[in-house]
Amino acid sequence: MKIYNTLSKRKEEFEPLEEGKVKMYVCGPTVYNLIHIGNARPMIVFDTVRRYMEHKGYEVNFVSNFTDVDDKIIKKAIEEGVEASVISERYIAECKKDMQALNVKEATTHPKATQEICGMLDMIGTLIEKGHAYRAEDGTVYYRTRSFKGYGKLSHKNIDDLQGGNRSLLVSGEDQKEDSLDFVLWKPKKDGEPYWESPWCNGRPGWHIECSVMSKRYLGDEIDIHAGGEDLIFPHHENEIAQSEAANGKPFAKYWMHNAFLNIDNRKMSKSAGNFFTVRDIIEKYDPQVLRFFMLSAHYRSPLNFSAELMDAAKNGYDRIVTSVSNLKYLLENATSDTMSEEEKKLAEEAKGFTAKFDEAMDDDFNTADAIAAIFELVKFVNTNTDAESSREYLSSLKEELVMLSDICGLLVEKKQEMLDSDIEALIEERQAARKAKNFQRADEIRNELLSKGIVLEDTREGVKWKRA
Ligand SMILES: [Zn+2]
(Lines give C-alpha, C1' and ligand atoms only; values in the text may rest on other atoms or scores of the structure.)
Protein backbone atom coordinates (compact mmCIF):
# COMPACT_ATOMS: atom_id res chain seq x y z
CA MET A 1 0.00 0.00 0.00
CA LYS A 2 1.46 3.32 -1.06
CA ILE A 3 0.71 6.68 0.53
CA TYR A 4 1.70 10.08 -0.79
CA ASN A 5 3.61 11.70 2.05
CA THR A 6 3.56 15.51 2.07
CA LEU A 7 6.77 15.37 4.11
CA SER A 8 8.82 13.64 1.40
CA LYS A 9 6.63 14.82 -1.51
CA ARG A 10 6.47 11.29 -2.89
CA LYS A 11 4.53 8.05 -2.63
CA GLU A 12 5.97 5.75 0.00
CA GLU A 13 5.23 2.14 0.91
CA PHE A 14 3.11 2.10 4.06
CA GLU A 15 4.91 0.45 6.97
CA PRO A 16 3.16 0.87 10.32
CA LEU A 17 5.18 1.59 13.46
CA GLU A 18 3.62 -1.44 15.07
CA GLU A 19 2.67 -4.46 13.03
CA GLY A 20 -1.05 -4.73 12.27
CA LYS A 21 -1.88 -1.41 13.91
CA VAL A 22 -2.43 2.11 12.59
CA LYS A 23 -2.38 5.23 14.73
CA MET A 24 -4.12 8.00 12.86
CA TYR A 25 -4.97 11.59 13.79
CA VAL A 26 -7.21 13.83 11.69
CA CYS A 27 -7.66 17.52 12.53
CA GLY A 28 -11.33 18.15 13.18
CA PRO A 29 -13.54 21.22 12.80
CA THR A 30 -13.85 24.33 14.95
CA VAL A 31 -17.42 24.09 16.17
CA TYR A 32 -19.22 27.44 15.85
CA ASN A 33 -21.60 26.68 13.00
CA LEU A 34 -23.02 23.85 10.91
CA ILE A 35 -20.18 22.18 9.00
CA HIS A 36 -19.86 23.15 5.33
CA ILE A 37 -19.19 20.79 2.46
CA GLY A 38 -15.51 21.78 2.48
CA ASN A 39 -15.30 20.32 6.03
CA ALA A 40 -17.01 17.16 4.81
CA ARG A 41 -14.31 16.33 2.27
CA PRO A 42 -11.53 15.37 4.74
CA MET A 43 -14.10 13.60 6.94
CA ILE A 44 -15.24 11.38 4.06
CA VAL A 45 -11.78 10.91 2.53
CA PHE A 46 -10.01 9.88 5.74
CA ASP A 47 -12.94 7.75 6.86
CA THR A 48 -12.50 5.87 3.60
CA VAL A 49 -8.74 5.53 4.25
CA ARG A 50 -9.59 4.10 7.66
CA ARG A 51 -12.20 1.71 6.23
CA TYR A 52 -9.77 0.41 3.61
CA MET A 53 -7.07 -0.15 6.22
CA GLU A 54 -9.54 -2.02 8.41
CA HIS A 55 -10.54 -4.09 5.41
CA LYS A 56 -6.85 -4.94 4.98
CA GLY A 57 -6.84 -6.24 8.54
CA TYR A 58 -5.27 -3.31 10.38
CA GLU A 59 -6.58 -2.27 13.75
CA VAL A 60 -7.00 1.49 13.35
CA ASN A 61 -6.92 3.83 16.32
CA PHE A 62 -8.58 6.89 14.81
CA VAL A 63 -8.51 10.17 16.71
CA SER A 64 -10.21 13.34 15.51
CA ASN A 65 -10.63 16.44 17.66
CA PHE A 66 -13.19 19.16 18.08
CA THR A 67 -11.72 22.64 18.53
CA ASP A 68 -14.16 24.03 21.10
CA VAL A 69 -12.31 27.15 22.23
CA ASP A 70 -11.68 29.75 19.56
CA ASP A 71 -12.31 33.42 18.69
CA LYS A 72 -15.23 32.54 16.41
CA ILE A 73 -16.96 30.46 19.10
CA ILE A 74 -16.48 33.23 21.65
CA LYS A 75 -17.80 35.86 19.24
CA LYS A 76 -20.95 33.84 18.59
CA ALA A 77 -21.45 33.21 22.32
CA ILE A 78 -21.27 36.95 23.01
CA GLU A 79 -23.75 37.65 20.19
CA GLU A 80 -26.22 35.12 21.64
CA GLY A 81 -25.48 36.05 25.25
CA VAL A 82 -24.61 32.49 26.25
CA GLU A 83 -21.52 30.60 27.48
CA ALA A 84 -19.05 29.53 24.81
CA SER A 85 -19.68 25.89 25.74
CA VAL A 86 -23.36 26.25 24.78
CA ILE A 87 -22.27 27.15 21.26
CA SER A 88 -19.61 24.44 20.96
CA GLU A 89 -21.78 21.66 22.40
CA ARG A 90 -24.63 22.62 20.08
CA TYR A 91 -22.45 22.41 16.99
CA ILE A 92 -20.63 19.26 18.07
CA ALA A 93 -24.04 17.57 18.25
CA GLU A 94 -25.01 18.96 14.83
CA CYS A 95 -21.67 17.91 13.34
CA LYS A 96 -22.13 14.37 14.63
CA LYS A 97 -25.57 14.24 13.00
CA ASP A 98 -24.09 15.21 9.64
CA MET A 99 -21.24 12.74 9.99
CA GLN A 100 -23.69 9.97 10.75
CA ALA A 101 -25.78 10.88 7.71
CA LEU A 102 -22.63 10.72 5.58
CA ASN A 103 -21.83 7.31 7.10
CA VAL A 104 -18.56 8.55 8.61
CA LYS A 105 -17.62 6.13 11.39
CA GLU A 106 -17.29 7.44 14.95
CA ALA A 107 -13.67 8.12 15.84
CA THR A 108 -12.08 5.82 18.41
CA THR A 109 -11.70 9.02 20.42
CA HIS A 110 -13.23 12.44 19.73
CA PRO A 111 -11.36 14.68 22.20
CA LYS A 112 -12.36 18.28 22.85
CA ALA A 113 -9.69 20.92 23.38
CA THR A 114 -11.28 22.29 26.57
CA GLN A 115 -10.99 18.85 28.20
CA GLU A 116 -7.25 18.64 27.50
CA ILE A 117 -5.93 21.84 29.08
CA CYS A 118 -3.81 19.91 31.62
CA GLY A 119 -1.86 18.19 28.89
CA MET A 120 -1.36 21.53 27.15
CA LEU A 121 0.05 23.12 30.31
CA ASP A 122 2.43 20.13 30.61
CA MET A 123 3.68 20.36 27.06
CA ILE A 124 4.09 24.15 27.18
CA GLY A 125 6.03 23.73 30.45
CA THR A 126 8.32 21.17 28.82
CA LEU A 127 8.91 23.44 25.84
CA ILE A 128 9.87 26.33 28.13
CA GLU A 129 12.20 24.06 30.13
CA LYS A 130 13.91 22.90 26.96
CA GLY A 131 14.37 26.44 25.71
CA HIS A 132 11.86 26.10 22.84
CA ALA A 133 9.37 28.54 24.34
CA TYR A 134 9.33 31.67 26.50
CA ARG A 135 6.94 33.85 28.43
CA ALA A 136 6.57 37.45 27.32
CA GLU A 137 5.90 40.24 29.78
CA ASP A 138 2.11 40.18 29.42
CA GLY A 139 2.00 36.43 30.15
CA THR A 140 1.76 35.25 26.54
CA VAL A 141 3.86 32.15 25.88
CA TYR A 142 5.49 31.99 22.45
CA TYR A 143 7.19 29.12 20.67
CA ARG A 144 10.75 30.04 19.72
CA THR A 145 10.46 28.95 16.10
CA ARG A 146 14.13 29.28 15.16
CA SER A 147 15.09 26.93 17.99
CA PHE A 148 13.60 24.03 16.05
CA LYS A 149 16.00 22.96 13.35
CA GLY A 150 13.47 21.18 11.14
CA TYR A 151 11.07 24.10 10.84
CA GLY A 152 9.66 24.26 7.30
CA LYS A 153 10.26 20.57 6.48
CA LEU A 154 6.59 19.75 5.93
CA SER A 155 5.60 22.81 3.91
CA HIS A 156 9.01 22.80 2.17
CA LYS A 157 9.55 26.42 3.08
CA ASN A 158 12.84 28.01 3.91
CA ILE A 159 12.76 29.64 7.32
CA ASP A 160 14.55 32.75 6.03
CA ASP A 161 11.96 33.28 3.31
CA LEU A 162 9.26 33.15 5.97
CA GLN A 163 11.04 35.81 7.96
CA GLY A 164 10.75 38.31 5.11
CA GLY A 165 7.07 37.56 4.57
CA ASN A 166 6.18 37.86 8.22
CA ARG A 167 7.97 41.07 9.11
CA SER A 168 4.71 43.00 9.18
CA LEU A 169 3.67 41.03 12.27
CA LEU A 170 6.30 42.85 14.27
CA VAL A 171 4.41 46.11 13.97
CA SER A 172 0.92 44.75 14.56
CA GLY A 173 0.96 44.67 18.34
CA GLU A 174 2.89 41.48 18.91
CA ASP A 175 5.99 43.47 19.80
CA GLN A 176 6.85 41.28 22.76
CA LYS A 177 7.97 38.48 20.47
CA GLU A 178 11.67 37.76 20.19
CA ASP A 179 11.21 36.98 16.53
CA SER A 180 8.39 37.58 14.06
CA LEU A 181 8.21 33.83 13.31
CA ASP A 182 7.36 32.89 16.89
CA PHE A 183 3.81 31.70 17.42
CA VAL A 184 1.43 31.63 20.39
CA LEU A 185 1.16 28.65 22.73
CA TRP A 186 -0.77 30.39 25.50
CA LYS A 187 -2.46 33.78 25.56
CA PRO A 188 -3.84 36.01 28.33
CA LYS A 189 -7.60 36.16 28.80
CA LYS A 190 -9.67 39.08 27.64
CA ASP A 191 -12.82 40.29 29.40
CA GLY A 192 -15.77 37.96 29.02
CA GLU A 193 -13.70 35.12 27.56
CA PRO A 194 -13.38 31.62 28.99
CA TYR A 195 -10.00 31.12 30.67
CA TRP A 196 -7.91 28.65 32.64
CA GLU A 197 -5.27 29.23 35.31
CA SER A 198 -1.67 28.60 34.30
CA PRO A 199 1.81 29.32 35.67
CA TRP A 200 2.12 32.12 33.10
CA CYS A 201 -1.21 33.93 33.25
CA ASN A 202 -4.93 33.23 33.31
CA GLY A 203 -5.71 32.57 29.70
CA ARG A 204 -6.35 30.03 26.99
CA PRO A 205 -4.31 27.88 24.60
CA GLY A 206 -3.30 28.72 21.05
CA TRP A 207 -4.80 26.50 18.38
CA HIS A 208 -1.70 24.52 17.32
CA ILE A 209 -0.84 23.15 20.77
CA GLU A 210 -4.23 21.39 20.98
CA CYS A 211 -3.50 18.83 18.30
CA SER A 212 0.05 18.07 19.50
CA VAL A 213 -1.34 17.34 22.96
CA MET A 214 -4.41 15.34 21.97
CA SER A 215 -2.39 13.25 19.53
CA LYS A 216 0.19 12.49 22.25
CA ARG A 217 -2.43 11.64 24.85
CA TYR A 218 -4.49 9.22 22.76
CA LEU A 219 -1.93 7.84 20.33
CA GLY A 220 1.50 8.37 21.89
CA ASP A 221 4.58 10.40 20.92
CA GLU A 222 4.95 8.75 17.52
CA ILE A 223 2.03 8.10 15.21
CA ASP A 224 1.60 6.60 11.75
CA ILE A 225 -0.63 9.07 9.94
CA HIS A 226 -1.53 12.70 10.57
CA ALA A 227 -4.08 14.10 8.16
CA GLY A 228 -6.19 17.11 7.27
CA GLY A 229 -7.01 19.59 4.53
CA GLU A 230 -4.10 21.03 2.55
CA ASP A 231 -4.80 24.49 4.01
CA LEU A 232 -3.53 23.08 7.33
CA ILE A 233 -0.02 22.25 6.06
CA PHE A 234 1.20 25.73 6.92
CA PRO A 235 1.30 26.94 9.56
CA HIS A 236 -0.86 24.51 11.60
CA HIS A 237 0.86 21.20 10.85
CA GLU A 238 4.30 22.76 10.58
CA ASN A 239 3.80 24.19 14.07
CA GLU A 240 2.48 20.87 15.40
CA ILE A 241 5.67 19.18 14.23
CA ALA A 242 7.81 21.88 15.88
CA GLN A 243 5.91 21.51 19.18
CA SER A 244 5.66 17.70 19.31
CA GLU A 245 9.17 16.88 18.14
CA ALA A 246 10.81 19.50 20.36
CA ALA A 247 8.79 18.41 23.42
CA ASN A 248 8.93 14.64 22.91
CA GLY A 249 12.36 14.34 21.30
CA LYS A 250 10.96 11.88 18.76
CA PRO A 251 9.73 12.08 15.17
CA PHE A 252 6.01 12.95 15.29
CA ALA A 253 4.03 11.46 12.38
CA LYS A 254 5.49 9.11 9.81
CA TYR A 255 3.05 9.94 7.00
CA TRP A 256 1.36 13.29 6.43
CA MET A 257 -1.74 13.17 4.23
CA HIS A 258 -3.58 16.23 2.88
CA ASN A 259 -6.71 16.50 0.78
CA ALA A 260 -7.05 19.24 -1.85
CA PHE A 261 -9.63 22.02 -1.89
CA LEU A 262 -13.27 21.83 -2.81
CA ASN A 263 -14.48 24.58 -5.15
CA ILE A 264 -18.05 25.57 -5.93
CA ASP A 265 -18.84 26.18 -9.59
CA ASN A 266 -15.11 26.60 -10.16
CA ARG A 267 -14.76 29.32 -7.56
CA LYS A 268 -13.49 29.28 -4.02
CA MET A 269 -16.35 28.70 -1.58
CA SER A 270 -17.15 31.88 0.36
CA LYS A 271 -20.13 33.32 2.16
CA SER A 272 -19.68 36.76 0.64
CA ALA A 273 -19.66 35.35 -2.90
CA GLY A 274 -22.93 33.56 -2.14
CA ASN A 275 -21.60 30.13 -3.02
CA PHE A 276 -21.42 28.66 0.44
CA PHE A 277 -23.17 25.39 1.31
CA THR A 278 -23.48 23.54 4.56
CA VAL A 279 -23.71 19.76 4.50
CA ARG A 280 -27.28 20.25 5.76
CA ASP A 281 -28.18 22.38 2.70
CA ILE A 282 -27.04 19.60 0.40
CA ILE A 283 -28.47 16.58 2.17
CA GLU A 284 -31.87 18.23 2.24
CA LYS A 285 -31.80 18.02 -1.56
CA TYR A 286 -29.87 14.80 -2.10
CA ASP A 287 -29.43 11.47 -0.39
CA PRO A 288 -26.33 11.97 1.85
CA GLN A 289 -24.86 8.91 0.16
CA VAL A 290 -24.83 10.86 -3.11
CA LEU A 291 -22.66 13.54 -1.50
CA ARG A 292 -20.33 10.87 -0.19
CA PHE A 293 -20.17 9.23 -3.61
CA PHE A 294 -19.45 12.63 -5.19
CA MET A 295 -16.57 13.34 -2.78
CA LEU A 296 -14.96 9.99 -3.61
CA SER A 297 -15.39 10.37 -7.36
CA ALA A 298 -12.10 12.31 -7.52
CA HIS A 299 -8.72 11.45 -6.06
CA TYR A 300 -8.35 13.16 -2.68
CA ARG A 301 -5.26 15.11 -3.77
CA SER A 302 -7.05 16.63 -6.79
CA PRO A 303 -9.09 19.77 -6.37
CA LEU A 304 -12.78 18.88 -6.58
CA ASN A 305 -15.41 21.07 -8.16
CA PHE A 306 -18.93 21.02 -6.79
CA SER A 307 -21.91 21.91 -8.99
CA ALA A 308 -25.53 20.86 -9.34
CA GLU A 309 -24.74 19.08 -12.63
CA LEU A 310 -21.93 17.07 -11.04
CA MET A 311 -24.17 16.15 -8.11
CA ASP A 312 -26.84 14.94 -10.56
CA ALA A 313 -24.21 12.84 -12.30
CA ALA A 314 -23.12 11.47 -8.91
CA LYS A 315 -26.74 10.61 -8.15
CA ASN A 316 -26.99 8.61 -11.38
CA GLY A 317 -23.75 6.81 -10.59
CA TYR A 318 -24.74 5.95 -7.06
CA ASP A 319 -28.21 4.82 -8.20
CA ARG A 320 -26.67 2.42 -10.72
CA ILE A 321 -24.91 0.57 -7.91
CA VAL A 322 -28.01 0.54 -5.70
CA THR A 323 -30.19 -0.72 -8.55
CA SER A 324 -27.73 -3.49 -9.35
CA VAL A 325 -27.74 -4.65 -5.72
CA SER A 326 -31.52 -4.64 -5.52
CA ASN A 327 -31.75 -6.56 -8.80
CA LEU A 328 -29.46 -9.18 -7.32
CA LYS A 329 -31.67 -9.33 -4.25
CA TYR A 330 -34.75 -9.82 -6.38
CA LEU A 331 -33.09 -12.60 -8.39
CA LEU A 332 -31.89 -14.24 -5.17
CA GLU A 333 -35.40 -14.31 -3.74
CA ASN A 334 -36.74 -15.92 -6.89
CA ALA A 335 -33.85 -18.23 -7.82
CA THR A 336 -34.79 -21.86 -8.49
CA SER A 337 -31.39 -23.56 -8.19
CA ASP A 338 -29.00 -23.53 -5.24
CA THR A 339 -25.48 -24.39 -6.32
CA MET A 340 -23.20 -22.89 -8.91
CA SER A 341 -22.89 -24.48 -12.32
CA GLU A 342 -19.44 -24.96 -13.89
CA GLU A 343 -20.13 -21.96 -16.10
CA GLU A 344 -21.06 -19.81 -13.08
CA LYS A 345 -17.93 -20.89 -11.21
CA LYS A 346 -15.85 -19.46 -14.03
CA LEU A 347 -17.86 -16.24 -14.06
CA ALA A 348 -17.63 -15.83 -10.28
CA GLU A 349 -13.88 -16.26 -10.53
CA GLU A 350 -13.76 -13.67 -13.30
CA ALA A 351 -15.74 -11.24 -11.12
CA LYS A 352 -13.08 -11.47 -8.40
CA GLY A 353 -10.85 -9.63 -10.85
CA PHE A 354 -12.81 -6.46 -10.13
CA THR A 355 -11.94 -6.68 -6.44
CA ALA A 356 -8.30 -7.05 -7.43
CA LYS A 357 -8.65 -3.94 -9.58
CA PHE A 358 -10.34 -2.09 -6.75
CA ASP A 359 -7.54 -3.03 -4.32
CA GLU A 360 -4.90 -2.02 -6.83
CA ALA A 361 -6.46 1.45 -7.12
CA MET A 362 -6.77 1.84 -3.34
CA ASP A 363 -3.22 0.56 -2.78
CA ASP A 364 -2.04 3.37 -5.03
CA ASP A 365 -2.51 6.24 -2.56
CA PHE A 366 -6.25 5.60 -2.16
CA ASN A 367 -7.29 6.33 -5.70
CA THR A 368 -11.03 6.22 -5.04
CA ALA A 369 -11.82 7.47 -8.56
CA ASP A 370 -10.32 4.32 -10.07
CA ALA A 371 -11.71 2.17 -7.27
CA ILE A 372 -15.23 3.39 -8.07
CA ALA A 373 -14.55 2.71 -11.77
CA ALA A 374 -13.80 -0.91 -10.76
CA ILE A 375 -17.15 -1.04 -8.90
CA PHE A 376 -18.89 0.14 -12.07
CA GLU A 377 -17.19 -2.58 -14.09
CA LEU A 378 -18.49 -5.09 -11.59
CA VAL A 379 -22.00 -3.57 -11.87
CA LYS A 380 -21.86 -3.96 -15.64
CA PHE A 381 -20.63 -7.53 -15.29
CA VAL A 382 -23.45 -8.34 -12.85
CA ASN A 383 -26.08 -6.79 -15.09
CA THR A 384 -24.96 -8.77 -18.15
CA ASN A 385 -24.16 -12.09 -16.47
CA THR A 386 -27.16 -12.75 -14.26
CA ASP A 387 -30.76 -13.74 -14.99
CA ALA A 388 -33.70 -15.74 -13.66
CA GLU A 389 -31.74 -18.97 -14.30
CA SER A 390 -28.81 -17.98 -12.05
CA SER A 391 -28.16 -20.04 -8.92
CA ARG A 392 -28.41 -18.69 -5.39
CA GLU A 393 -24.77 -19.46 -4.64
CA TYR A 394 -23.60 -17.52 -7.69
CA LEU A 395 -25.90 -14.55 -7.06
CA SER A 396 -24.90 -14.23 -3.43
CA SER A 397 -21.23 -14.38 -4.29
CA LEU A 398 -21.72 -11.42 -6.68
CA LYS A 399 -23.88 -9.54 -4.22
CA GLU A 400 -21.39 -10.00 -1.41
CA GLU A 401 -18.59 -8.69 -3.59
CA LEU A 402 -20.54 -5.64 -4.74
CA VAL A 403 -21.71 -4.78 -1.22
CA MET A 404 -18.22 -5.31 0.24
CA LEU A 405 -16.53 -2.94 -2.23
CA SER A 406 -19.23 -0.30 -1.76
CA ASP A 407 -18.93 -0.67 1.99
CA ILE A 408 -15.18 0.01 1.91
CA CYS A 409 -16.09 3.35 0.31
CA GLY A 410 -18.68 3.78 3.08
CA LEU A 411 -21.51 3.72 0.55
CA LEU A 412 -24.70 2.21 1.86
CA VAL A 413 -26.06 0.41 -1.18
CA GLU A 414 -28.30 -2.13 0.47
CA LYS A 415 -31.64 -1.04 1.77
CA LYS A 416 -31.50 -2.26 5.32
CA GLN A 417 -35.24 -2.25 5.89
CA GLU A 418 -37.86 -2.63 3.27
CA MET A 419 -40.93 -0.48 3.93
CA LEU A 420 -44.25 -2.23 4.30
CA ASP A 421 -46.83 -1.62 1.57
CA SER A 422 -49.31 -0.25 4.13
CA ASP A 423 -46.75 2.34 5.39
CA ILE A 424 -46.02 3.43 1.86
CA GLU A 425 -49.71 3.85 1.07
CA ALA A 426 -50.30 5.82 4.26
CA LEU A 427 -47.52 8.23 3.29
CA ILE A 428 -48.91 8.58 -0.22
CA GLU A 429 -52.30 9.48 1.24
CA GLU A 430 -50.70 12.05 3.50
CA ARG A 431 -48.91 13.50 0.48
CA GLN A 432 -52.18 13.78 -1.46
CA ALA A 433 -53.74 15.61 1.48
CA ALA A 434 -50.74 17.94 1.74
CA ARG A 435 -50.98 18.78 -1.95
CA LYS A 436 -54.68 19.48 -1.64
CA ALA A 437 -53.89 21.87 1.21
CA LYS A 438 -51.21 23.45 -1.03
CA ASN A 439 -48.51 22.41 1.42
CA PHE A 440 -46.10 21.52 -1.37
CA GLN A 441 -43.09 21.52 0.94
CA ARG A 442 -44.52 18.63 2.96
CA ALA A 443 -45.58 16.86 -0.24
CA ASP A 444 -42.02 17.07 -1.56
CA GLU A 445 -40.62 15.92 1.76
CA ILE A 446 -42.76 12.79 1.61
CA ARG A 447 -41.77 12.10 -1.96
CA ASN A 448 -38.08 12.41 -1.00
CA GLU A 449 -38.49 10.30 2.09
CA LEU A 450 -40.02 7.54 0.03
CA LEU A 451 -37.36 7.95 -2.62
CA SER A 452 -34.60 7.57 -0.04
CA LYS A 453 -36.17 4.22 0.86
CA GLY A 454 -36.23 3.16 -2.75
CA ILE A 455 -39.89 3.91 -3.45
CA VAL A 456 -40.56 5.82 -6.67
CA LEU A 457 -43.83 7.69 -7.09
CA GLU A 458 -45.49 8.31 -10.40
CA ASP A 459 -48.34 10.77 -10.79
CA THR A 460 -50.67 9.39 -13.44
CA ARG A 461 -54.17 10.26 -14.63
CA GLU A 462 -55.50 7.31 -12.66
CA GLY A 463 -53.84 8.63 -9.49
CA VAL A 464 -50.51 8.00 -7.81
CA LYS A 465 -48.69 4.78 -8.63
CA TRP A 466 -45.62 3.53 -6.82
CA LYS A 467 -42.90 0.98 -7.36
CA ARG A 468 -39.79 -0.24 -5.60
CA ALA A 469 -36.67 0.99 -7.38
ZN1 LIG B 1 -4.89 20.10 14.14
Side-chain angles (χ1 to χ4, degrees), residues 5-7 22-33 35-36 38-47 49-50 60-73 88 91-92 95 99 104 107-117 119-124 127 133 143 145 148 150-155 157 183-187 204-248 251-261 300:
N5 191 350
T6 308
L7 200 57
V22 179
K23 291 183 252 184
M24 184 167 180
Y25 187 98
V26 181
C27 290
T30 302
V31 279
Y32 65 99
N33 224 329
I35 57 166
H36 57 71
N39 299 130
R41 190 175 189 193
M43 286 175 183
I44 291 168
V45 161
F46 298 117
D47 177 63
V49 167
R50 171 195 191 171
V60 184
N61 190 346
F62 189 98
V63 177
S64 189
N65 66 300
F66 287 116
T67 295
D68 62 345
V69 56
D70 172 88
D71 288 343
K72 294 191 189 102
I73 298 170
S88 58
Y91 291 109
I92 286 173
C95 177
M99 288 169 82
V104 171
T108 318
T109 317
H110 250 319
K112 297 179 224 170
T114 54
Q115 308 290 312
E116 308 289 337
I117 302 290
M120 297 186 212
L121 297 180
D122 275 353
M123 190 178 278
I124 296 170
L127 288 169
Y143 187 92
T145 303
F148 182 68
Y151 198 81
K153 66 181 171 185
L154 180 71
S155 51
K157 288 177 191 292
F183 59 89
V184 171
L185 297 176
W186 188 263
K187 55 185 161 196
R204 59 184 169 101
W207 171 39
H208 314 300
I209 195 74
E210 277 179 26
C211 290
S212 282
V213 167
M214 292 188 252
S215 179
K216 180 184 171 79
R217 165 140 190 225
Y218 296 101
L219 298 170
D221 290 352
E222 290 179 83
I223 69 171
D224 293 291
I225 301 173
H226 195 115
E230 67 178 9
D231 53 326
L232 297 183
I233 297 174
F234 187 86
H236 185 53
H237 288 165
E238 197 71 72
N239 291 353
E240 278 189 43
I241 292 177
Q243 295 164 158
S244 295
E245 297 194 353
N248 304 330
F252 181 26
K254 215 170 158 189
Y255 305 90
W256 287 85
M257 295 180 73
H258 295 98
N259 66 279
F261 284 121
Y300 74 93

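A quick note: this is a predicted structure, and the numbers were derived from the prediction, not measured. Counting starts at 1 for both ligands and their atoms, in listed order.
Rounding to 10°, one obtains 120° for the angle at the Zn ion (ligand 1) between NE2 (His236) and SG (Cys27).
The aromatic rings of His258 and Trp256 lie parallel to each other, with less than 30° between the two planes, well short of the 60° mark.
For a distance bound of 2.8 Å, the N, O or S atoms of Cys211 include one lying that close to the Zn ion (ligand 1). Backbone or side-chain N, O or S atoms of His208 do not reach the Zn ion (ligand 1) at under 2.8 Å.
No side-chain donor from either of His208 and His237 sits under 3.5 Å from a side-chain acceptor of the other. Residues Thr114 and Asp68 bring a donor and an acceptor atom of their side chains to less than 3.5 Å of each other.
Taking a cutoff of 4.0 Å between a charged side-chain nitrogen and a carboxylate oxygen, Lys216 and Glu222 do not qualify as a salt bridge.
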